[in-house]
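Take a look at the structure below.
Everything numeric here is computed off the predicted structure, so don't read it as measured data.
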Amino acid sequence: MKAALAEARRAQELGEVPIGAVIVHAGEVIGRGHNRRETDQDPLAHAELLAIAEAARQLKEWRLSGCTLYVTLEPCAMCAGALVNSRVDRLVFGAYDPKAGYCGTLGDIPRDPRLNHRLEVCGGVLAEECGALLSTFFQALRRRPGKGAPPCAGE
């Protein structure tokens, strides 16, 4: 999880939401990612998806059997689905996400018995440190002038 936190800090340096992920296979990190949605202008550039893609390139295999993904925030539905589809064996995450988490909070895609693959899930690892990084980022963002939401059309 410390390696995932280092990735989250890289995201923060770019002005991205500080979420980081790493994939470990046979005791070695084979995939890394941090949020790059703003940098790449890509809604799919989540830390988990970037780490999965790198791990698949390293293994030269789309099936990531024997892999564990460590990520600083509970994955969303899209990333949880990617974990199932890439056959990752285990997920370890830091902070729970009450607004978008789909690995036990709002839903539980990785352990859904209707799907063809299920993975072990362990949440709350270094949750305080992971959550503090996110809280600090969003507090600073709210204090920046001119960062309010634009008015709705017709207001």
| query | Is the shortest distance from a Lys or Arg side-chain nitrogen in E13 or R10 to a carboxylate oxygen in the other one below 4.0 Å? | reply | no
Ignoring hydrogens, what is the shortest heavy-atom contact between [X] and [Y]? Give both atom names and the distance.
{"X": "G33", "Y": "A51", "value": "N-CB, 3.9 Å"}
{"X": "P75", "Y": "L83", "value": "CG-CD1, 4.2 Å"}
{"X": "L49", "Y": "M78", "value": "CD1-CE, 3.7 Å"}
{"X": "D89", "Y": "G66", "value": "OD2-N, 2.6 Å"}

Interatomic spacing from [atom1] in [X] to [atom2] in [Y] - rounded to 0.5 Å:
{"X": "I52", "Y": "C67", "atom1": "CD1", "atom2": "SG", "answer": "10.0 Å"}
{"X": "L50", "Y": "R32", "atom1": "CG", "atom2": "CZ", "answer": "13.5 Å"}
{"X": "H25", "Y": "I23", "atom1": "NE2", "atom2": "CD1", "answer": "10.5 Å"}
{"X": "L73", "Y": "F93", "atom1": "CG", "atom2": "CZ", "answer": "8.5 Å"}

| task | Could you walk me through whether T68 and L91 pass the side-chain contact (heavy atoms from CB on, under 4.5 Å) test, one step at a time? | result | CA-CA 6 Å; T68 298; L91 163 67; over 6 Å; no
| field | Where at least one partner belongs to residues 90-107, residue pairs that pass side chain to side chain donor-acceptor pair (under 3.5 Å), sequence neighbours excluded | value | E74-T105, R90-E120
Does [Y] offer a backbone N or O that forms a donor-acceptor pair with the side chain of [X] under 3.5 Å?
{"X": "S86", "Y": "R63", "result": "no"}
{"X": "D112", "Y": "R114", "result": "yes"}
{"X": "N85", "Y": "G81", "result": "yes"}
{"X": "N35", "Y": "A47", "result": "yes"}

| In the hydrophobic cluster built from side-chain contacts under 4.5 Å, what are the other members alongside V24? | M1, L5, V22, V29, Y70, V92, V125, L126, L133
| field | Members sharing L14's hydrophobic cluster (side chains within less than 4.5 Å) | value | none
Any heavy-atom pair between the side chains of [Y] and [X] that's under 4.5 Å?
{"X": "I109", "Y": "C103", "value": "no"}
{"X": "L119", "Y": "R111", "value": "no"}
{"X": "P18", "Y": "L134", "value": "yes"}
{"X": "C76", "Y": "H46", "value": "yes"}
{"X": "H34", "Y": "E16", "value": "no"}

Using the rule that Ile, Leu, Val, Met, Phe, Trp and Tyr join whenever any side-chain heavy atoms are under 4.5 Å apart, tell me whether [X] and [Y] fall into a single cluster.
{"X": "L106", "Y": "I19", "answer": "yes"}
{"X": "V17", "Y": "L141", "answer": "yes"}
{"X": "L115", "Y": "L69", "answer": "yes"}

| message | salt bridge (charged side-chain N to carboxylate O under 4.0 Å, His left out), that's the test. Do R36 and E48 meet it? Break it down for me. | response | CA-CA 11 Å; R36 294 186 53 90; E48 300 95 324; over 6 Å; no
| Near Q41 CD, under 6.0 Å, is it more than 12 heavy atoms from other residues, nucleotides or ligands? | yes
| Yes or no on salt bridge (charged side-chain N to carboxylate O under 4.0 Å, His left out) for R87 and E61, after CA distance, side-chain angles and deciding distance? | CA-CA 11 Å; R87 309 301 195 266; E61 173 70 54; over 6 Å; no
| query | Hey, mind stepping through E129 and K2 against side-chain contact (heavy atoms from CB on, under 4.5 Å) and telling me if it holds? | reply | CA-CA 10 Å; E129 191 173 347; K2 293 285 188 183; 3.4 Å; yes
